[in-house]
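The structure appears below as structure tokens.
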Amino acid sequence: MGIKVGIIGCGSITKMRHAPEYSANPYVDEIVFYDRNLDRSEAMAAMFGGMVAESVEELYADPDIVAISDCSSNEHHHVFSTQGLLSGKHVLCEKPISLTVEYAQEILAAQKTSGKKLMVDHNQRFTRAHQKAREIIASGELGKVLTFRTAFGHSGPEAWGINKTKSTWFFKKERSGFGVGGDLGIHKIDLLHYLLDDQIVQVSAFQGALHKEDENGEAIEVCDNLVCSLVTEKGRLGNAAFSWTYYGEEDNSTVVYCEKGIMKIYHDDEYQLQVIMQSGEKINYQLEAIQTNDNQTKSGVIDAFIDAIRLDQEPIVTGEDALRSLKVVLGIMEAAETKRVVTIETESLLYK
């Protein structure tokens, strides 16, 4: 018996990732699309051979729908994901899990009440280079991690989103919340937590709307560039840069500096992971190319979500993981706005 899934929101993330990956999954046999713009859901249904729900309630009420992808814009996640869980569906929520800690806790509470799976689409955990890097760090062969740096930048969401104009919701504060921090930054914060098996506890940051303009020719309401310094619970120091103004090529690289050598991830087109030992010895790993906006390969997220449901396993990215990353991004935004070092609360809010 195949799994029937619903997708809420029919923008680019549905078209490029969720719908094609559900279609390709051998355990999924039907997709139902909902978007408040009926033309969009009908277009997706035509493209992927699915059905259309005319209201989100219709989607929740369908007893045959087992799981839902919440691909709505950021400000709606806490509404759709909470309702989805409470209507008895497993939920895969796009990142960030929500715009506030309180809203994220609503979703986590709904997950506990329902007993259903909640996974959040922090897809950097799924690349083979990142998984291999985590293994190498955990093995201790490079000694302790001392410092790190990471970047995530491309030419901006206005070229990628379904609304290919400067009026994109990504540029609206009440909808995207954190600008490039919530779009790209939160991915790398989650990745650092995953790679280092550690948690960021202190941040400082600078932000700016340096170049992007809205549909009226005004500077956008959210940051298009964000740079920050990070301290982890285990005392590692690092920095991160997130940008919507990398116009020549994307950058999705990370470097981890350890006692016995350096690990470079997605620095080189041919070798996605490079280890340079203190002795000068180099070990190159040819794994797979990172996904870019121009090179959309299978992310592995949908397969992992379906497997978690099918095999009754804990999802690879839990709601708690997503809340940890959200709290760091909120701290980074606060640090940038107040020009102060911000301490991230860890245990008190997470484990009530």
Any side-chain heavy-atom pair from Phe242 and Cys228 closer than 4.5 angstrom? yes
In terms of heavy-atom contacts, Tyr257 and Arg149 come closest through OH-NE, 2.9 Å
Does some side-chain heavy atom of Asp321 sit less than 4.5 Å from a side-chain heavy atom of His193? no
Should the heavy atoms of other residues, nucleotides or ligands under 6.0 Å from OH of Tyr60 be counted, would the total exceed 12? yes
Sidechain-backbone polar pair: Asp198 side chain, Lys234 backbone, donor-acceptor under 3.5 Å: yes
Side-chain heavy atoms under 4.5 angstrom apart, residues restricted to Ile, Leu, Val, Met, Phe, Trp, Tyr: same cluster for Met47 and Ile7? yes
Is the side chain of Glu30 donor-acceptor paired with the backbone N or O of Met51 at a distance under 3.5 Å, no angle test? no
Is it the case that one hydrophobic cluster holds both Val56 and Ile65, taking links as side-chain heavy atoms less than 4.5 Å apart, direct or via other members? yes
Would you call Glu215 and Lys172 a salt bridge, taking side-chain N to carboxylate O under 4.0 Å as the test? yes
Below 30° counts as parallel, above 60° as perpendicular, anything between as tilted: where do the rings of Phe80 and Tyr34 land? perpendicular
Give a yes or no on this: more than 12 heavy atoms of other residues, nucleotides or ligands lie within 6.0 Å of atom NZ of Lys144. no
Measure the shortest side-chain to side-chain distance between Leu230 and Ile332 over non-hydrogen atoms and say whether it is less than 4.5 angstrom. yes
Distance alone, cut at 3.5 Å: any donor-acceptor contact between the side chains of Asn74 and Ser176? no
Considering all heavy atoms of both residues, which atom of Cys223 and which atom of Gly181 are nearest to each other, and what is their separation? SG-N, 4.4 Å
Calculate, to the nearest 0.5 Å, the distance between atoms OG and NE2 belonging to Ser81 and His76 respectively. 12.0 Å
Should Met44 and Lys15 be marked as a side chain to side chain contact (heavy atoms under 4.5 Å, CB included) after you check the CA-CA gap, both sets of side-chain angles, and the distance that decides it? CA-CA 7 Å; Met44 289 294 117; Lys15 182 180 175 183; 3.7 Å; yes
Value for NE2 (His90) from CD1 (Ile3), rounded to nearest 0.5 Å, stands at 8.0 Å
Give a yes or no on whether the backbone of Tyr27 and the side-chain of Asn25 come within a donor-acceptor separation of less than 3.5 Å. yes
Step by step, would you call Ser41 with Leu38 a side chain to side chain contact (heavy atoms under 4.5 Å, CB included)? CA-CA 5 Å; Ser41 45; Leu38 193 59; 3.7 Å; yes
In one Ile/Leu/Val/Met/Phe/Trp/Tyr side-chain cluster, 4.5 Å: Val79, Phe33: no
Under a 4.5 Å side-chain heavy-atom rule over Ile, Leu, Val, Met, Phe, Trp and Tyr, are Leu99 and Leu184 clustered together? yes
Any donor-acceptor pair under 3.5 Å linking the side chain of Gln111 with the backbone of Lys116? yes
Give a yes-or-no answer on whether the side chains of His78 and Glu102 include a donor-acceptor pair shorter than 3.5 Å. no
Count the heavy atoms of every other residue, nucleotide or ligand shown that sit under 6.0 Å from OH of Tyr247, and state whether that count exceeds 12. yes
Strictly distance-based, threshold 3.5 Å: is any side-chain N or O of Glu58 a donor or acceptor partner for the main-chain N or O of Glu54? yes
Ionic contact status for Asp190 with Arg324, cut-off 4.0 Å: no
Nearest heavy-atom approach of Ile265 to Ala129 is CG2-CB, 4.1 Å
Asn252 versus Gln124, side-chain donor and acceptor atoms under 3.5 Å: yes
Provide the closest heavy-atom pair for Gly143 versus Cys258 in the form atom of the first, atom of the second, distance. O-CB, 4.3 Å
Is it true that Val32 and Val5 fall in one hydrophobic cluster, defined by side-chain heavy atoms closer than 4.5 Å? no
Just checking, any donor-acceptor pair under 3.5 angstrom between side chains of Asn123 and Lys95? no
Report yes or no: does Gln199 contribute a side-chain atom to a donor-acceptor pair with the main-chain N or O of Glu233 at less than 3.5 Å? no
Which heavy-atom pair separates His267 from Ser253 by the least distance, and what is that distance? CD2-CB, 3.5 Å
Kindly compute the distance separating CD1 (Ile107) from CG (Leu323), expressed to the nearest 0.5 Å. 9.5 Å
Side chains of Thr245 and Asp224: any donor to acceptor distance under 3.5 Å? no
Taking the side chain as every heavy atom from C-beta outward, state whether Ile97 and Leu108 have any pair of such atoms under 4.5 Å apart. yes
For Arg36, look at atom CZ and say whether over 12 heavy atoms of other residues, nucleotides or ligands are found less than 6.0 Å away. no
Distance, nearest 0.5 Å, that separates SG of Cys71 from CE of Met16: 13.5 Å
Would Arg236 count as a cation-pi partner of Phe148, with NZ or CZ less than 6.0 Å from the six-membered ring centre and within 45° of the ring normal? no
Roughly how far, to the nearest 0.5 Å, is the CG atom of Leu326 from the NE2 atom of His77? 11.5 Å
Using modelled atom types and a 3.5 Å cut-off, is there a donor and acceptor pairing between side-chain atoms of Ser73 and backbone atoms of Glu75? no
Determine, stepwise, if the pair Ile137 / Asp197 fulfils side chain to side chain contact (heavy atoms under 4.5 Å, CB included). CA-CA 9 Å; Ile137 290 168; Asp197 189 25; over 6 Å; no
N/O donor-acceptor pair under 3.5 Å between Glu337 side chain and Ala335 backbone: no
Quick one: sort the Phe152 and His187 rings into parallel, tilted or perpendicular, breaks at 30° and 60°. tilted
Can you find a heavy atom in the side chain of Val201 that is under 4.5 Å from one in the side chain of Thr343? no
Side-chain contact, heavy-atom cut-off 4.5 Å: Ile302 with Val28? no
With a 4.5 Å cut-off on side-chain heavy atoms, are Gln313 and Lys117 touching? no
Taking the side chain as every heavy atom from C-beta outward, state whether Trp244 and His154 have any pair of such atoms under 4.5 Å apart. yes
Check this for me: does any side-chain nitrogen of one of Glu320 and Lys112 sit under 4.0 Å from a carboxylate oxygen of the other? yes
Return the minimal non-hydrogen interatomic distance between Lys212 and Ser155, and the atom names on each side. NZ-O, 2.6 Å
Presence of salt bridge, Arg17 and Asp121, under 4.0 angstrom: no
The test is side chain to side chain contact (heavy atoms under 4.5 Å, CB included); show your working for Met333 and Leu226 and say whether it passes. CA-CA 9 Å; Met333 302 314 294; Leu226 184 59; 4.0 Å; yes
For Glu249, look at atom CD and say whether over 12 heavy atoms of other residues, nucleotides or ligands are found less than 6.0 Å away. no
